[in-house]
Each structure stands twice: as structure tokens, then as C-alpha cells.
Trainee: 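Here's a structure for you.
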There are 2 protein chains.
Amino acid sequence: MANIFYMKSIFQSIQNFSNEELDLLDDLITFRMLKKGELLLTESQVCNEIVFIKKGILRSFFLNHKGGEITNCFAFENEFMASFASFITQEKAEESVQALVDTELEILDRKALEKLYQSGFNWQETGRKLTELEFVNLHKRMVSFQKLSGAERYQELYKNHQNYLQLIPLQYLASYLGVSPRHLSRIRKAVL
Amino acid sequence: MANIFYMKSIFQSIQNFSNEELDLLDDLITFRMLKKGELLLTESQVCNEIVFIKKGILRSFFLNHKGGEITNCFAFENEFMASFASFITQEKAEESVQALVDTELEILDRKALEKLYQSGFNWQETGRKLTELEFVNLHKRMVSFQKLSGAERYQELYKNHQNYLQLIPLQYLASYLGVSPRHLSRIRKAVL
DNA sequence: TGCTTTTTGGGACATTTGTCCAGTAAAATA
DNA sequence: TATTTTACTGGACAAATGTCCCAAAAAGCA
């Protein structure tokens with residue numbers, strides 16, 4: 001059986017592509033598997049790939065001035081992940097990207113994406129739309145930091161991703177939420 | 001003398017436009033002046049315009065659950081501003097946008113932008129690039145919330161926008177930085 | 001200019017959150 | 001499975017930050 005490209009269905013859902021346009025992907029997508037704990041991208045490399053998670057969970061994290069890891073974001077099945085800032089600016093990434101469980105990826109690298117963009121209007125527009133969606137997601141996260149307490153952010157997360165929370169070590173969740181592990185432990189106890 | 005479109009020079013700097021392509025703007029840009037304190041966009045309207053600040057300062061703010069104003073962002077001369085999330089999703093904005101001083105704007109509304117996008121590849125690509133830049137800015141702000149203390153965020157801001165700080169009431173700065181006015185007052189005293 | 005309103009600075013105290021730590025539980029590894 | 005390592009919980013205390021408040025300063029307005 002031919003490979004199924006999961007990424008394709010996302011593109012299809014946001015743009016009215018012809019089959020020919022979509023089939024460009026077949027030669028451009030590559031695959032990769034990551035073992036739990038393995039790094040996809042290391043801090044201070046330039047990020048040259050956007051990955052799509054077929055199965056698994058990724059997190060990106062950077063270091064604070066004390067050398068502690070701060071989790072910047074998580075990405076789950078059917079989501080894209082990259083160090084987008086680095087991918088866009090082509091400067092060194094501040095984040096590393098790591099698999100939290102065994103993970104299967106479809107990968108589109110910079111060259112592949114350039115080819116798509118140059119192939120015409122529809123791919124150009126798709127790139128813009130996806131960037132817009134990433135922006136909106138990031139904006140929501142930013143607002144949650146300004147508007148909500150750590151406890152409230154945890155409750156939001158619990159509401160929306162309850163099933164994933166058990167898979168993520170508390171320390172990662174804590175820095176993602178902007179609180180200390182000690183405090184997240186308190187929050188969890190209070191929520192029960 | 002013909003009008004000078006400040007916005008144009010931004011577009012010119014990020015894309016290799018022909019004169020014809022750029023001249024499309026002449027019929028699409030509109031103007032507006034805001035008095036100090038005046039609102040450009042009110043919370044719960046859909047944001048249908050992207051504005052470019054020729055002169056002045058804007059801030060966007062939303063309300064917390066106690067009804068207090070939280071400043072979401074500032075925009076200064078030569079920068080774009082909108083409730084981008086609302087502009088993108090076409091859902092009601094959570095933020096209002098207000099002039100902090102008398103302000104002159106160039107405006108591009110949704111229809112105008114659609115026309116540009118439909119006019120071809122170059123405008124499509126420009127839209128993507130600008131969205132990418134907005135994303136990178138927002139990402140930096142997000143990282144500053146995860147990595148830095150309120151005091152450190154203040155110092156960053158002071159380094160980069162010292163000249164503007166005097167023009168912005170402390171209460172607006174405080175919520176922008178994610179601290180109480182009382183605490184920002186403490187921070188300022190410690191920094192001197 | 002003089003009056004009124006808004007903004008700022010800072011004291012006193014309360015609350016939240018962080019740090020440090022140790023005992024226990026859970027997970028990884030041999 | 002036994003052993004080692006890592007992660008979680010929660011106590012005690014410390015530090016950071018918020019709330020409430022009022023007097024001084026600044027800004028807006030008649």
C-alpha cells in the first residue's frame with residue numbers, strides 16, 4: 001500500500017488544491033521516528049524543518065539564566081511543530097525540540113517549502129493561512145498569561161487536554177504554565 | 001504635493017515590487033486621525049482594518065474578570081496595529097484599540113487587503129512575510145514572560161523604548177508587563 | 001490662573017509563590 | 001526481579017508581589 005501523508009489532509013482542509021498541486025508533496029515529505037527523550041532540534045541550530053506529528057508528543061524548551069529548562073510549548077498528534085521563530089528568521093533557535101514519547105513524524109524542510117511557495121499562488125496562500133493560525137494560537141497563549149493565574153491556566157489546560165496531562169511530567173507542565181513544580185503540586189491538590 | 005504613503009515604504013522594503021504593483025495601494029489606503037484617548041476599535045467588534053501609525057502611539061487592551069483593563073500591546077510610529085486575532089479569524093475582538101496621544105493613521109481594510117492578495121503572488125507573499133514578522137514579535141514577548149521577571153521585562157523595555165516610556169501612564173505599562181502598578185513603582189525605584 | 005480630577009509613590013500588611021528539603025512513589029535499567 | 005535513578009508530594013520558611021490606602025504631584029479643564 002502506498003504511503004498515506006497525514007499532512008496532506010491538513011493542507012487539503014484549508015485550501016482548495018488540485019490533485020496535481022497536492023501531489024507535489026509526494027516527493028518532498030520525508031519521515032522520521034524519534035525515541036522517547038530524543039532531540040529533533042538542538043538549541044543554537046537553525047531550524048530548517050517543519051514537522052507534522054503523526055503519532056506522539058513533542059515539546060520545545062529553552063534554558064533560563066540559571067540553566068533550568070523552561071517548556072515553551074507542546075505539540076500533539078495532527079499538529080505542526082518547529083522552532084518557528086528560527087525557521088522564519090533563519091537565526092539560531094533558542095529552543096530545543098524533544099520527543100516526550102516515541103514519535104512518528106512527517107517532515108517538510110525549508111527547501112521543500114520554498115519549492116511549494118514558488119510553485120504558485122495556492123501554496124503561497126496556504127503558507128500565509130498556516131502562519132496566521134499559528135499566530136492566533138500564540139496570541140491565545142499570550143492572553144492566558146496576562147489574564148489568568150497559574151491555577152487558572154492549569155484548569156484551562158485540564159479542560160482541553162485532560163487526556164494528555166498524564167503523559168507529561170509535572171516539571172514540564174509547571175514551566176509551561178509559568179509556575180514552579182512545587183506550586184503546580186499545590187494547584188493540583190486544590191483542584192481535586 | 002501628492003500624498004506620501006508611509007506604509008508603502010515598509011512594503012517596498014520587504015518585497016521586490018514593481019511600481020504598478022505598489023501603485024495599487026493609492027486607491028486603497030485611507031486616512032484617519034485620532035484624538036488622545038479616542039478608540040479605534042471596540043472590544044466585541046470584528047476588526048476589519050489594519051492601521052499603520054504615521055504619528056502617535058496606540059495601545060490595545062482587554063478586560064480581566066474583575067473588569068480591569070489589561071494592556072495587551074503598544075504600537076509606535078512606523079508600526080502596524082490591529083486586533084490581529086480578530087482580523088484573521090473574523091470573530092469578535094477581545095481587545096479595544098485606543099490612541100495614547102493624538103495619532104495619524106494610514107488604513108488598509110479587509111476588502112483592500114483581499115484585492116491586493118488576489119492581485120497576485122507578490123502581495124500574497126508580502127502578507128505571509130508580515131504575518132511571520134508579527135509571529136516572531138509575539139514569540140519574543142511570550143518568551144519574555146516565561147523567562148524573565150517583571151523587573152527584567154521592565155528593564156528590557158527601558159533599554160529598547162526609553163523615549164516612549166515617559167509618554168505611557170504607569171498603570172498601562174504595569175499591566176503590559178504583567179505586574180501591579182504598586183509593584184512597577186517598586187521596580188522603578190530599584191532600577192534608578 | 002485656579003479648581004478638579006487623575007496619576008504617582010510609597011507605607012503597612014496579606015497573600016501568593018518560590019526555595020530548600022526529605023520521605024515516598026514511580027520509572028528506568030541492568 | 002533487584003537496583004538505581006528520577007519524579008512527585010508536601011512541610012517549613014523566605015521572598016516576591018498584591019491589596020488597600022492616603023498624601024503629594026501632575027495633568028486636564030473651566
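The chains referred to below are lettered A, B, ... by the order of the sequence lines, with proteins before strands, and numbering in each begins at 1. Bear in mind that the values here come from a model prediction, so they are computed numbers and not experimental data.
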Trainee: Among residues 166-181 of chain B, which ones have heavy-atom contacts with DNA chain C below 4.0 Å?
Mentor: Pro169(B), Leu170(B), Gln171(B)
Trainee: Round to a whole Å and report the spacing from CD of Gln146(A) to P of dG18(D).
Mentor: 13 Å
Trainee: So Leu167(A) and Phe74(A), do their side chains get closer than 4.5 Å, heavy atoms only?
Mentor: no
Trainee: Does Lys189(B) place a side-chain N or O at less than 4.0 Å from the phosphate oxygens OP1/OP2 of dT8(C)?
Mentor: no
Trainee: How many whole angstroms separate atom CZ of Phe145(B) from atom P of dT17(D)?
Mentor: 12 Å
Trainee: Please tell me which of Arg186(A) and His183(B) maps to the more 5' nucleotide of DNA chain D, matching each residue to the nucleotide holding its nearest heavy atom.
Mentor: Arg186(A)
Trainee: Take atom CG in Asn16(A); do more than 12 heavy atoms of anything else shown fall under 6.0 Å from it?
Mentor: no
Trainee: When the axes are fitted on five pairs at both termini, how much does the helix from dT1(C)-dA30(D) to dA30(C)-dT1(D) curve, in 10° steps?
Mentor: 60°
Trainee: From CG of Leu184(B) over to P of dT17(D), roughly how many Å is that when rounded to an integer?
Mentor: 12 Å
Trainee: Salt bridge check, Asp27(B) against Lys115(B): does any charged N sit closer than 4.0 Å to a carboxylate O?
Mentor: no
Trainee: Round to the nearest Å and state the distance from Arg153(B) atom CZ to dA16(D) atom C1'.
Mentor: 13 Å
Trainee: If every non-hydrogen atom of Tyr176(A) is compared with every non-hydrogen atom of Gln146(B), which pair is closest and at what distance?
Mentor: O-NE2, 3.7 Å
Trainee: Kindly say whether Met7(A) contributes a backbone atom to a donor-acceptor pair with the side chain of Glu106(A) at under 3.5 angstrom?
Mentor: yes
Trainee: Rounded to the nearest angstrom, tell me the gap between atom CG in Asp102(B) and atom P in dA27(D).
Mentor: 16 Å
Trainee: If the test is salt bridge (Lys or Arg N to Asp or Glu O under 4.0 Å), which one of Glu95(B), Glu69(B), Glu38(B) qualifies with Arg59(B)?
Mentor: Glu69(B)
Trainee: Any chance the side chains of Ser149(B) and Glu152(B) put a donor and an acceptor closer than 3.5 Å?
Mentor: yes
Trainee: Please determine if a side-chain N or O atom of Lys66(B) lies less than 4.0 Å away from the OP1 or OP2 oxygen of dT19(D).
Mentor: yes
Trainee: Quick check on DNA chain D: between Ala151(B) and Ser185(A), whose nearest nucleotide comes earlier from the 5' end?
Mentor: Ser185(A)
Trainee: Is the shortest side-chain N/O distance from Lys36(B) to OP1 or OP2 of dA27(D) below 4.0 Å?
Mentor: no
Trainee: Within the structure provided, determine whether Leu34(A) and Leu58(A) are in side-chain contact (heavy-atom separation under 4.5 Å).
Mentor: yes
Trainee: Atom OH of Tyr154(B) to atom P of dA16(D): distance rounded to whole Å?
Mentor: 19 Å
Trainee: Roughly, in whole Å, what's the span from CZ in Arg182(B) to P in dT16(C)?
Mentor: 18 Å
Trainee: Taking all heavy atoms of Val46(A) and all of Leu41(A), pick out the closest pair and write down the distance.
Mentor: O-CD1, 4.1 Å
